[in-house]
Structures are given as structure tokens and as C-alpha cells.
Asks: 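The structure follows.
Starting from 1, each residue takes its place in the sequence as its number. Both ligands and their constituent atoms are indexed starting at 1 by order of listing. The structure displayed is predicted, hence computed values, not measured ones. Quick note: numbers below take in every heavy atom, side chains included, and nothing from hydrogens, waters or symmetry partners.
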Amino acid sequence: MPFLLRPTTPCLLFPPPPFHRRSSSLILKLPVQPSTRPLSSGKSSVFLVRANATVNSLKPFENVKPYLQSESRTILAGWLCSLVSVVSLSQIIPRIGSFTSNLNANAASPMKLRNAALVLAALFLARVVTGYLQQAFLWEAALNSVYRIRVFAYQRVLERELEFFEGGDGISSGDIAYRITAEASEVADTMYALLNIVVPSAFQISAMATHMVVASPVLTLVSAMVIPSVALVIAFLGDRLRKISRKAQIASAALSAYLNEVLPAILFVKANNAEVSETVRFQRFARADLSERFKKKKMKSLIPQIVQVIYLGSLSVFSVGAVTLAGSSLSSSAIVSFMTSLAFLIEPVQDLGKAYNELKQGEPAIERLFDLTSLKSKVVERADAIQLEKVAGEVELCNISFKYGEEMLPILDGLNLHIKAGETIALVGPSGGGKTTLIKLLLRLYEPSSGSIYVDKHDIKDIKLESLRQHVGLVSQDITLFTGTVAENIGYRDLTTGIDMKRVEVAARTANADEFISNLPEGYDTGIGPRGSSLSGGQRQRLAIARALYHNSSILILDEATSALDSMSELLVRQALERVMEDHTVIVIAHRLETVMMAQRVFLMDKGKLKELSRSSLLSTHKDSLSSAGLVI
Ligand SMILES: Nc1ncnc2c1ncn2[C@@H]1O[C@H](COP(=O)(O)OP(=O)(O)OP(=O)(O)O)[C@@H](O)[C@H]1O
């Protein structure tokens, strides 16, 4: 059994007092002020360094290949249409010639002319329809592939540990959003260009090359010798384009990250009269984007021109030489046929060059998109992890130490705590003491550097992540609400499986949120705006508590859940919490003395250690000295 492997180090530094066992347990945490992250002007540079550092060595096209293969039927349908389209064209060209000469010479009967016109019209129709179908099929394949890549990338992003998003090296949400939206669209464009150019061009090249070989094998050989030199130039320029494209994508992602950070903080921007300075900051990002994009566009325009000059130049030199040498053995019609075929060969050869450019231009987008998927979460679920159906709510922290990075100071230092099922404890302490960090470890959002955490005597490393988080409800410091109705926000965990309205109403009543909800225009069906922007701070907080209660997790964590409430609302919430505490184990992180005193035991968390405070000393100590010690407000 997993808990038999527990270290022998003393982990019952704070053994629970005699306590009657209740059916389940709940954890609550409530600190002082909601923290506002400063708008760091250095954010973009941090982002750029990280973005550059994440270039992977995988061949980008290898990543998309399986997705394209899964669309092979659609792709084949598109290429079949392209073949019919090329065949139709090759039938149309000679027929137009004979049709117009018959028409001019009045040589054919009206019936023959009509039939010839009908055949031409049918061929033309076939070309138009298959041309359209070719594009539709190939777009379908490219977009379907990118849809799957997007879903996969998003899934992998959500699976990543919290560290991936947080801290100085965390990847910004704006950057992730940009990769999954704009850059994924570029990947679709690249795939489409490759599918739509490579095979159809190959058809045309084969047809023209056949004509050329028939007309003059020597000249065909000479022409073929030009192709490697063109390929070399294209490869060189393509590599330059790839580098320029990557820079352009990073600049656009930085712009997107900037907007994603500032627009949600519009209230803060306006309250600080920061419209002008934010416009200046925006201009900086937009100008960097403009400059990189312009370089990319110039390079894209330049490459086909250079290729054309090199191709035609070297071909002319070779051909003149070859015709001079072989001229005596060639008929004039063979030379005309050869030159005509050559002219029709140039276009698809140029198209292949364009396709290569598209690939090089799309490569950084493919790389950056797959960068999101290439690393696995550091928080790994064991293959034999167990599903806990019911949890009583006993929590044990044994010798827990933790630091955010190798170079950083420890936040938790050999911490021990035992919370009985059904018990309510309060964590207090100065800001930055590590209270929220402890909760992150309990939810297994980070791994402790050493020590173990047990829920109902199971090491949380042995529990399926989904199961663990199902039994631990969290009302976090930063209230998170989504665009949607009140009911959707309360029943968030059942959003895709069906929300139980009865449970929503019970949860709202327990959180004392039902009164304000019933006063909303459409009650539980009222939309609350982006991030719940149409609600007051107190209403948002009560909604978040109702959401945690909806799921009826055995362990509930309230992190500053009453901080934004007025005295009246706080009283209502405290009444609600009292009810919840009766049949749950609860951990509360709080700074309000009234909330702290609801707990059976109170712990001071400071400098990575826990110290139990006696309730009587808290009550007897003057509130001012508790406030000055940063314990309560
Ligand atoms: N993702 C992170 N990367 C690096 N350091 C972090 C990260 N998150 C928190 N910290 C640091 O860890 C320390 C503890 O933070 P934590 O949020 O746990 O404190 P807290 O006791 O909950 O504070 P408060 O009462 O202000 O919410 C702080 O010094 C903080 O700067």
C-alpha cells in the first residue's frame, strides 16, 4: 500500500486534536488583498528570449505528415480532379486551334462546328468544375489537418504543469493564443499550397517534359542541367526566408501577447490615465511587427524574380549553345515544339519554387505550434494511479520542501501538518509566506522538492490527477469566471456533460448568492459578460464559492474568499461556510480574524515553516498587534 512507503521522519508535528469524525472534509484559504500583477515592460523581451530558445530540431514537415496522411482520401480526390483538369486543358488547346481555323475557313459543316463547340464547352466545364473541386478538396484536407493539430496542441497545453505558464519563464497566454490561431492558419495555408502546387505542377512538368524529349533529347538534357542550379538558389533563399519568417512570427506573437495582457486590464489602464503610454507601447510592438513582416514580404516577392532570372538566363545560355551544336540535326518544327513545351514548363517549375517558399515560410509556424506539444508535463500521472471514488478528507503533509526554481530560495522548508477528516483549519501569515504555494502542491500543480502529501492515506502521486482534483475544490485568490450564464459558471465542471440545475440552486443558496441571482434579468440564465465583468467583486466571489460547492468536493480550499466582500456579504458567506464545515473537512486561508476564528486550529505560515497558534492567544491578543504582524486585518 502506498502509505506504507512514507518516510520515517516525523510528520505529525501538528497532530490533530481529538476530533469527532465527520463524513467528509473541506479546506479553505482567505488572504488579504487581491494581488494585481504589474504590467511589466520587460515582458516582451522575456517572451522573445523564450521564444527563440524553444526552436526544436525536429524536421517540421515530419510533424504534420501524419495529419496529412489521415486526410489521404480527400487529398487523392483533389489530385484526381487536378489530373482531370490538366487533361481537359491539354484537350482544349489543340481543339481551340482546329475549331478557329475551321471557323475561319468555313471548312466544316454547321453540325460539325456545333458538335466541336459542344465538346469544347464540355471540356471547358470539366476544367472549371474539377479546378474548383481540386481546390475545395485540398482546402478541406489542409483545414481538417490543422483543426486536428490545433486540438492536439491545445490539449497538450492544458496538460502542461502550472510552471509552464507561471513565473519569469512562463509562456504568455497571448503567445499561446497566437500560435494556436494565427500561426495554425499559416500552417493551413502552407499545407494547402504544397498540396495544390506540388502534384498538379508535377503533372504539367511530366506532360511538357515528354513533349520536349520527343522533340530533342539533347536539349532536354541541357534544360534538366539547369534545374539543380535553380534548386540550389531556391534552397539558399528559402533558408533565409525561413529565418525572416520566424522573426516575423515572434514579432506578431509579442504584439498579441501585449494586447492579451493590456486589454483585460482596461480598468487599470484608464484609472491610471495610461491610454497614451499604452498607445506608445503598442506602437513599439506594432512597428517591430511591421518591420519584420515587411522584410518577409520583400523576400517573398524577391525570390520568384531571382529564380526566374536565373532559370531563364542560364537556360538561354545553355540552349543557344546546344542549338548551335545540335542545330543541324533539328527540324524547325522540332525546335518550335521544344520551345513551346519549355515555355509551359517554366510556370510549374516556378510554382514548385513558390511551394518551397511556402514551406520555408510556414516552417517556423509549424515549429512554434509543435513546440507547444513537444514537451511533456513535469507532473506525471503514474500508469497504475488509482481513482478515488470517495474521500473522507484526511490530509497529511510530510516533510514538504519546495522552491520554484533551482536558483531560488525555498518557499516551504520541511513542513509537516496533519488535518483530520472533517476538520477545519486556518492558515494565516504574511504575504508571500507560501500559503498559496502549499495549496498548489496539494492540488499537485507542482511537485514538492522533497516530502509527500497524503489524502486519506494515499500518496497523491498514486492518485489519478483528475480524481485528486475532483475531491479538492478551490476558490482561488484570483476569481476566474468565464463568458456565459450564471448557471454555466456555477456548474462549470459539468459544462459539457449537462448541468444539474437543482445542484446549482442549492450551491448558490449555500453561498448566499441566490438573492442577487434572482434579481438579475434572467436569473440563472443571465449572461455575466467576459470574465464576469457585469458583476460586482462580492457577487463574483460568491459565485466562485457556489461553483466550488456545486461539485461537493470533500476538500475545499478558500483562498481569500471573503476579501472582496462587504461586511454584510462577508457575514452571509461566513454563515454559508459554517454550514459547509459541518459535513466537510475545510482548509481556510484567511486574514480576517472573524473567518480565522471559525477554524478549529490556526497555523501561522512564515519563512517556509508552520507554527500552530492557540486560538485563545489569538483572541486575547489585541487586533492591532495581529494586524501589524501581518496575520489578520
Ligand atoms: N510561479 C512562481 N514562480 C516563482 N516564484 C513564485 C511563483 N509563485 C509564487 N512565487 C513566490 O513564492 C512566494 C510565496 O508565494 P505565495 O503565493 O505562496 O504566498 P502567499 O503566502 O499565498 O501570499 P499572499 O498572502 O500574498 O497570497 C512569494 O515570494 C512569491 O513571489
Asks: Ring centres of Y550 and Y492 under 6.0 Å apart?
Replies: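 No: the rings miss the under 6.0 Å criterion.
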Asks: Of the backbone atoms (N, CA, C, O) and the side-chain heavy atoms from C-beta on, which set of E163 has a member under 4.0 Å from an atom of ligand 1: side chain, backbone, both, or neither?
Replies: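 None of E163 does.
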Asks: Could you see which bit of T437 sits under 4.0 Å from ligand 1, with heavy atoms only: side chain, backbone, both or neither?
Replies: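 Both backbone and side chain.
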Asks: Taking 4.0 angstrom as the limit, do E447 and R444 come out as a salt bridge?
Replies: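 Counted as a salt bridge, because a side-chain N and a carboxylate O are separated by less than 4.0 Å.
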Asks: Taking all non-hydrogen atoms of both residues into account, name the closest pair between N512 and R542 and its distance.
Replies: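 Minimum heavy-atom separation between N512 and R542: O-NH1, 3.0 Å.
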Asks: Quick check: are there more than 12 heavy atoms from other residues, nucleotides or ligands sitting under 6.0 Å from NZ of K440?
Replies: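 Enclosed: over 12 neighbouring heavy atoms sit under 6.0 Å from NZ of K440.
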Asks: Considering both backbone and side-chain atoms of G434, is one of its nitrogen or oxygen atoms within less than 3.5 Å of a nitrogen or oxygen in ligand 1?
Replies: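 By distance alone, the answer is yes.
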Asks: Please indicate whether E515 has more than 12 foreign heavy atoms, meaning atoms of other residues, nucleotides or ligands, lying under 6.0 Å from its CD.
Replies: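 No, because the 6.0 Å sphere around CD of E515 holds 12 heavy atoms or fewer from other groups.
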Asks: Any idea which atoms of ligand 1 are less than 4.0 Å away from a heavy-atom of I411?
Replies: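 So the atoms of ligand 1 that pass are 12 (O), 13 (C), 14 (C).
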Asks: Answer with side chain, backbone, both or neither: which part of Y446 has a heavy atom less than 4.0 angstrom from an atom of ligand 1?
Replies: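 Just the side chain.
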Asks: A253 and E183: which non-hydrogen atoms are nearest, and at how many Å?
Replies: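 That closest heavy-atom pairing would be CB-OE2, 4.5 Å.
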Asks: Quick check: G432 and ligand 1, any N/O pair under 3.5 Å apart?
Replies: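 N/O-N/O distance under 3.5 Å: yes.
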Asks: State the atoms of ligand 1, each with its element, that fall below the 4.0 Å cut-off from a heavy-atom position in K440.
Replies: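 That gives atoms 8 (N) of ligand 1.
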Asks: Out of L441, T436, L445, D606, who is nearest to atom 17 (O) of ligand 1 when you count heavy atoms only?
Replies: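 Looking at heavy atoms only, T436 sits closest to atom 17 (O) of ligand 1.
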Asks: Using distance alone, determine whether M408 and ligand 1 share an N or O pair under 3.5 Å.
Replies: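 The answer is no, given that M408 and ligand 1 share no N or O pair closer than 3.5 Å.
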Asks: Would you compute the distance between atom CD1 of I479 and atom CD of Q541 and round it to the nearest 0.5 angstrom?
Replies: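 The distance works out to 4.5 Å.
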